[in-house]
> 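Have a look at this one.
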Amino acid sequence: GRVIFCDLESDTLQIDPDEIEAKIQADTRAVVVVHVGGIITPHWDRIQEICAKHRVVLIEDAAHAHGAWFHGRMAGSLGLAGAFSFFPTKVLTTAEGGMITTHDPNLAAEARILRDHGKQSGGSSPHVRIGDNWRPSELHAVLGLQQMKKADWILGERRRLAKLYDQGLPGIPELRPLKIPEGVQSSYYKYIVFLDPGVDRNDLKKRMREEFDVALTGEVYADPCHLQPVFERHPEFLGRPLEPLPRTESAAFHHACLPLYPGLTDDDIYYVVESLKKALE
């Protein structure tokens with residue numbers, strides 16, 4: 001597959017449907033919507049209509065979005081398929097690995113074949129596809145089952161802590177919390193704030209760490225995908241030449257992510273907010 005990058009909407013960090021319509025081509029086979037930061041685009045229905053008009057498959061990159069929903073419909077159930085990550089930093093983790101979700105039984109069967117060296121079924125079955133070893137281990141599965149038992153609590157804690165930030169941050173003029181679109185429930189993989197252009201993110205992170213012992217966690221995308229050096233070295237993986245994506249670049253360079261994970265206390269959140277005020281002063 002060859003990639004065509006689209007710009008995002010500045011307020012939500014989600015793909016701009018106008019960009020999809022402008023860049024979709026006759027040989028386009030799929031649109032991949034990334035639920036950045038655990039947020040689902042408020043324009044999902046319009047994107048579905050675009051894909052249906054062009055007979056293009058719609059796929060979710062839900063790596064950030066365990067438990068997120070759009071008008072009651074869960075991430076991973078919206079497109080033909082969804083891909084989740086269980087990397088250690090994610091909302092739910094098995095230490096490594098991931099998961100595919102789909103309502104399509106044929107696609108599910110094909111995925112099971114591909115994950116096990118292209119075998120039709122388990123054991124010594126014949127190889128019917130060029131597959132690979134993408135099986136999670138039993139140890140990873142044990143972790144995942146335990147995470148699923150705690151999933152509601154994990155999501156509840158993330159959302160409760162996010163509300164404390166919502167209440168405490170409006171008094172800081174140099175930053176603006178990302179507003180969750182109406183009809184969307186975020187998983188709060190990250191609590192994202194936009195920084196004024198005059199704020200140096202690296203300097204802010206350094207001050208927060210050295211003066212207040214607060215680590216501002218990794219950004220959702222500090223380095224935009226279209227600026228990754230791999231695409232300069234391998235232009236054959238591009239569906240059209242690289243071009244500037246100004247809103248993506250602005251958002252990537254002017255946002256930060258605040259500490260947010262189960263185990264933080266209310267006082268921890270208040271301390272982070274007060275530390276931000278002092279560091280920005």
Side-chain angles (χ1 to χ4, degrees), residues 32-41 44 59-105 107-116 121-123 132-167 178 180-181 183-192 215 217-218 220 257-272:
V32 181
V33 173
V34 184
H35 304 322
V36 178
I39 300 161
I40 299 172
T41 171
W44 183 266
I59 295 174
E60 301 170 71
D61 179 341
H64 295 180
H66 313 70
W69 49 257
F70 170 75
H71 291 290
R73 292 181 282 165
M74 302 300 294
S77 71
L78 298 165
L80 174 66
F84 288 84
S85 168
F86 294 137
F87 187 71
T89 63
K90 296 302 186 284
V91 176
L92 301 177
T93 179
T94 63
E96 190 52 275
M99 173 176 70
I100 292 172
T101 56
T102 182
H103 293 297
D104 187 319
L107 185 57
E110 189 73 8
R112 291 189 180 100
I113 291 170
L114 293 172
R115 76 173 178 180
D116 189 14
S121 60
D132 214 315
N133 182 1
W134 292 324
R135 300 183 304 260
S137 73
E138 284 79 0
L139 289 174
H140 291 99
V142 168
L143 288 172
L145 290 169
Q146 295 304 311
Q147 287 274 287
M148 287 302 296
K149 291 178 182 179
K150 298 168 61 177
D152 289 342
W153 176 81
I154 291 169
L155 286 161
E157 277 295 284
R158 285 180 173 273
R159 288 164 179 161
R160 185 184 69 80
L161 295 168
K163 283 184 179 179
L164 295 179
Y165 277 135
D166 290 343
Q167 295 163 8
L178 184 151
I180 306 301
V184 174
Q185 176 62 277
S186 176
S187 66
Y188 286 103
Y189 168 61
K190 301 281 190 180
Y191 191 94
I192 301 165
T217 54
V220 278
C257 296
L258 307 187
L260 183 70
Y261 52 86
L264 285 175
T265 66
D266 293 18
D267 286 343
D268 291 331
I269 300 297
Y270 301 145
Y271 178 73
V272 171

> Could you measure the distance from the CH2 atom of W69 to the OG atom of S186? Nearest 0.5 Å is fine.
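Here the interatomic distance stands at 11.0 Å.
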
> Is any side-chain heavy atom of W44 less than 4.5 Å from a side-chain heavy atom of T41?
yes

> Do Y165 side-chain atoms and P259 backbone N/O form a donor-acceptor pair below 3.5 Å?
yes

> In Å and rounded to the nearest 0.5 Å, what is the CG to CG distance from L258 to L264?
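Atom-to-atom, L258:CG and L264:CG are 10.5 Å apart.
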
> Within a reach of under 6.0 Å around CD1 of I100, are more than 12 heavy atoms found that belong to other residues, nucleotides or ligands?
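Open.
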
> Got H64 and K190 here, is their nearest side-chain heavy-atom distance under 4.5 Å?
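Answer no - side chains too far apart.
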
> Are the side chains of I40 and H35 in touch, meaning some heavy atoms are under 4.5 Å apart?
yes

> Output the distance between atom SG (C257) and atom CG (L178), rounded to the nearest 0.5 Å.
9.5 Å

> As an exercise, state the distance from CG of L107 to CZ of R112, rounded to the nearest 0.5 Å.
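Rounded to the nearest 0.5 Å, the CG-CZ separation comes out at 10.0 Å.
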
> Which is it for L164 and Q167 under the side-chain contact (heavy atoms from CB on, under 4.5 Å) test, yes or no, and what are the steps along the way?
CA-CA 5 Å; L164 295 179; Q167 295 163 8; 4.0 Å; yes

> At what distance, to the nearest 0.5 angstrom, does CG of L161 lie from CG of L260?
5.5 Å

> Give me the atom names and distance for the closest heavy-atom approach of H103 to P105.
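Closest pair (atom of H103, atom of P105, distance): O-CD, 3.3 Å.
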
> Does CZ belonging to R159 count more than 12 external heavy atoms closer than 6.0 Å?
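Check passes, neighbour count above 12.
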
> Side chains of Y191 and D166, heavy atoms from C-beta outward: is any pair under 4.5 Å?
yes

> Could you pull out all donor-acceptor pairs under 3.5 Å where a side-chain atom in residues 74-95 meets a protein atom, sequence neighbours excluded?
| from | atom 1 | to | atom 2 | distance (Å) |
| --- | --- | --- | --- | --- |
| S77 | OG | M74 | N | 3.4 |
| S77 | OG | M74 | O | 2.6 |
| S85 | OG | F87 | N | 3.1 |
| T89 | OG1 | Y189 | OH | 3.3 |
| T93 | OG1 | F86 | O | 2.9 |
| T93 | OG1 | F87 | O | 3.3 |
| T93 | OG1 | A95 | N | 2.9 |
| T94 | OG1 | E96 | O | 2.6 |

> How many angstroms lie between atom CD of Q185 and atom CD1 of I39, to the nearest 0.5 angstrom?
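Nearest 0.5 Å value for the CD-CD1 distance: 10.5 Å.
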
> Give a yes or no on whether D152 atom CG has more than 12 heavy-atom contacts from other residues, nucleotides or ligands under 6.0 Å away.
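For D152, atom CG is not crowded (no more than 12 foreign heavy atoms under 6.0 Å).
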
